[in-house]
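These notes are about the structure you will find just below.
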Amino acid sequence: MLLLLLRLCVTIFIAFLCGRLIAKLKLPSILGWLICAMILGPHAVSLINQELLDAAWYQNTIHVMECAVGLMIGTELVWKKIKRSGKAIVITTLTQSLGTFFLVSLVFGIVFYFSDIPLYLALIFGGIALATAPAPALSIVREFKTDGPVTKTLIPMAALDDIVGCIVFFCVTACVMGSLSAGQMPLYMIPLMVVLPLAIGIATGYAAGMLLKKQRSDSQTLALLIALILATSGVGFFFNYVLMPSPVLNFMLIGMAFSATFSNLISETRLEQIMKVFNPILNILMIVVILNLGAPLDYHLMLGAGIFTAVYIVSRAAGKYFGAYFGAAITKSPTTVKKYLGLTLLPHSGVSLVFTGIAVSVLSAPAPECAQIVQGTIAAAAVINEVIAVIVAKKGFEWAGEFDQGVHPEHPASGPQETVITISRQHGSGGREIGKLLAKQLHIPFYDQELIDLAAQSSEIDPSYFQTAEESDVGGLLHELSANLRHDLSVEEKAFLHQAKVIREVAEKGNCIIVGRCADYVLSHRPAVFRVFIYADPQSRMDRIQNVYKETDQPSLTQLKATDEKRSSYYRYFTGKNFGNAENYDICLSSSALGMEECVRILKEHYLDMTGKTTS
């Protein structure tokens, strides 16, 4: 067992690296995990061998992980969020999801009829085709700062789409299982395969909601959630192996019902905290689940998939595009939504691969030939479709005119623009104090904490996210791990976009000084911006942190570097540039070498030259 466990750990590490490599190519990490699973599985390198896949301890562990992975979808099933999405988005989600299901099922039904292949397999393909992978489209939204009707429709639709997909897929799977086991399984077991996991999840989820309501620290929250997932899985094991005539329960469905229930019983802020601490772990669990689903796939089947793969890719693309077009038309959505929303829905590898694994496990014993068709077709489609779909999705946003609109929206100039001074600074360099002194001498508004207050007042986002934004873990490894699982922008990303809007608004009001918050980047399209960077030597910074800021009694160089790295990571994530690089600024000043008053004098003199004003 120890050797098998070591093999599994090595495989997880390799899959993680493959996912990161694939992500660098702007493709979903899950595609890298799938390819890695097939290469390292029993049909190739055999690092994951059949002995491991058949081990009872391994299968039980996977069931627990599947229950946890259910949180990826269940936590999006929040009634308040669905209501906020609006009728138009709900209708368009239904038309493109169900339209895809019916079209793919119909096309494959015709193909399979003439190929003498069981027609129920067409419904399996239709159920798999519903799901949309939000990660590739959201990565485009983040990278190109898109905003507009298409972006605003896509983001809430991503979660709704997977919810519809899960309902349809699990219903189809239950019916197919019942059909294949006719005479071997009691009739009542068919609806029970769907109803019982939901009932277990709802019951345990209600208890979890009562326990998770209370605000706790991150570590306490994480420990409690893990305990609740284990307890929920335990209930599932009891029913599956003790009370049921045969083990047929789907643990992912249990996890979805469990998380959907507790998500509706707690506040959205609390839910955000829970998922923020759990998402990095969830990402690792997702890697293992995908490895488990991908390892049994025979890569040789991909080479023989041929016409089925082409039919699947084309019919699914047609269903998504025309379904979205029809839904947008009947809800009178903007023209860009009608024309281009369907293009952004084409990325597929995500929940669909989970569905594929489930379908293969259902078909392997009673219909192994059908299982091989599903394996080869979807595995080949996952690789081919994602490369094409990411390019097409990017063009969809571009043709809709939504590139760079999240931070730099196009707007007509309204006469001469006032001069804005933006001050970026190293922690402890005194940049904030220099900004205050300069604003006082120039008699212009100063925005630092004031900007946070304005952003918090005009948003439902927890004010703490604005307060600690620059020292958050955005752009770090944990944030990167979480990004693979989200159906929406993270709260930090939402906070940044809202803060950028507030920055633009205060800049329009007149001359002012804005400290931090990537204001130099947010206002980079304005001609009258004076971009300043303040830095200092490490000892001066540590002295200021201890004696002026009173943050800690004995600040260390390690702490200073950690803060610098967080601030740099935040800046790089949202701007694509390096924090402190002289090319990003108009002037860089050392407060330790020049002194505070000299820095203020230099900046004041330059500002007066820029504006043509005289000192008062």
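Counting from 1, the numbers follow the sequence of the chain as shown.
At a threshold of 4.5 Å between non-hydrogen side-chain atoms, the residues Leu228 and Leu212 count as touching. The side-chain heavy atoms of Ile22 and Trp33, taken from C-beta on, include no pair separated by under 4.5 Å. Between Val374 and Ile128, some side-chain heavy-atom pair lies under the 4.5 Å cut-off. Annotation: side chain of Phe262 is in contact with side chain of Leu225 (closest heavy-atom distance under 4.5 Å). Counting heavy atoms from C-beta outward, Phe278 and Ile229 have side chains that approach closer than 4.5 Å. At least one side-chain heavy atom of Phe251 sits less than 4.5 Å from a side-chain heavy atom of Phe237. Using a 4.5 Å heavy-atom cutoff, the side chains of Val172 and Tyr120 are not in contact. Counting only heavy atoms from C-beta outward, the side chains of Thr356 and Val360 approach each other to under 4.5 Å.
In this view, Lys395 and Glu398 satisfy the salt bridge (Lys or Arg N to Asp or Glu O under 4.0 Å) rule, not counting sequence neighbours. Applying the side chain to side chain contact (heavy atoms under 4.5 Å, CB included) criterion to Ala260, with sequence neighbours excluded, gives Leu77. For the side chain to side chain contact (heavy atoms under 4.5 Å, CB included) test, residues two or more places apart in sequence or in another chain that qualify with Ala318 are Leu103, Phe322. Phe169 pairs by the ring-ring contact (aromatic ring centres under 6.0 Å, His included) definition with Phe355, not counting sequence neighbours.
Of the candidates Val64, Val69, Ile62, Glu66 forms a side-chain contact (heavy atoms from CB on, under 4.5 Å) with just one, namely Ile62.
With hydrogens and angles disregarded, a donor-acceptor distance shorter than 3.5 Å links the side chain of Thr95 to the backbone of Gly323. Side-chain N or O atoms of Asn279 include none that pairs as donor or acceptor with a backbone N or O of Leu282 at under 3.5 Å. A donor-acceptor contact shorter than 3.5 Å links the side chain of Ser259 to the backbone of Met256.
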Show me the side-chain donor-acceptor pairs of residues 191-201 shorter than 3.5 Å, one per line, residues at least two apart or across chains.
none

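With values rounded to the nearest 0.5 angstrom, Ile266 atom CD1 is found 9.0 Å from Gln273 atom CD. Here the CD1-CD1 distance, from Ile287 to Ile290, works out to 10.0 Å after rounding to the nearest 0.5 Å. Between the CD atom of Gln59 and the CG atom of Leu53 there is a distance of 8.5 Å, given to the nearest 0.5 Å. One finds the CD1 atom of Ile226 at 4.5 Å from the CD1 atom of Ile281 (value rounded to the nearest 0.5 Å). Note: Met286 CE to Leu71 CG = 12.5 Å, rounded to the nearest 0.5 Å. The distance from the NZ atom of Lys338 to the OG1 atom of Thr153 is 13.0 Å, given to the nearest 0.5 Å.
When all heavy atoms of Gly74 and Ser263 are compared, the closest pair comes out as O-OG, 4.2 Å.
For Tyr312 and Phe308, the gap between ring centers reaches or exceeds 6.0 Å. You'll find the ring centres of Tyr573 and Phe496 outside the 6.0 Å limit.
No more than 12 heavy atoms of other residues, nucleotides or ligands shown are found within 6.0 angstrom of OH on Tyr325.
Side chains of Thr269 and Ser267: a donor-acceptor N/O pair is absent below 3.5 angstrom, by distance only.
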(request) Please step through side-chain contact (heavy atoms from CB on, under 4.5 Å) for the pair Thr93 and Ile89, ending with a clear verdict. (result) CA-CA 6 Å; Thr93 300; Ile89 290 177; 4.1 Å; yes
(message) For Ile358 and Phe170: C-alpha separation, side-chain torsions, deciding distance, then whether side-chain contact (heavy atoms from CB on, under 4.5 Å) applies.
(response) CA-CA 9 Å; Ile358 294 171; Phe170 284 113; 4.0 Å; yes
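For residues 315-327, the pairs satisfying salt bridge (Lys or Arg N to Asp or Glu O under 4.0 Å) are Asp161-Lys320, with sequence neighbours left out.
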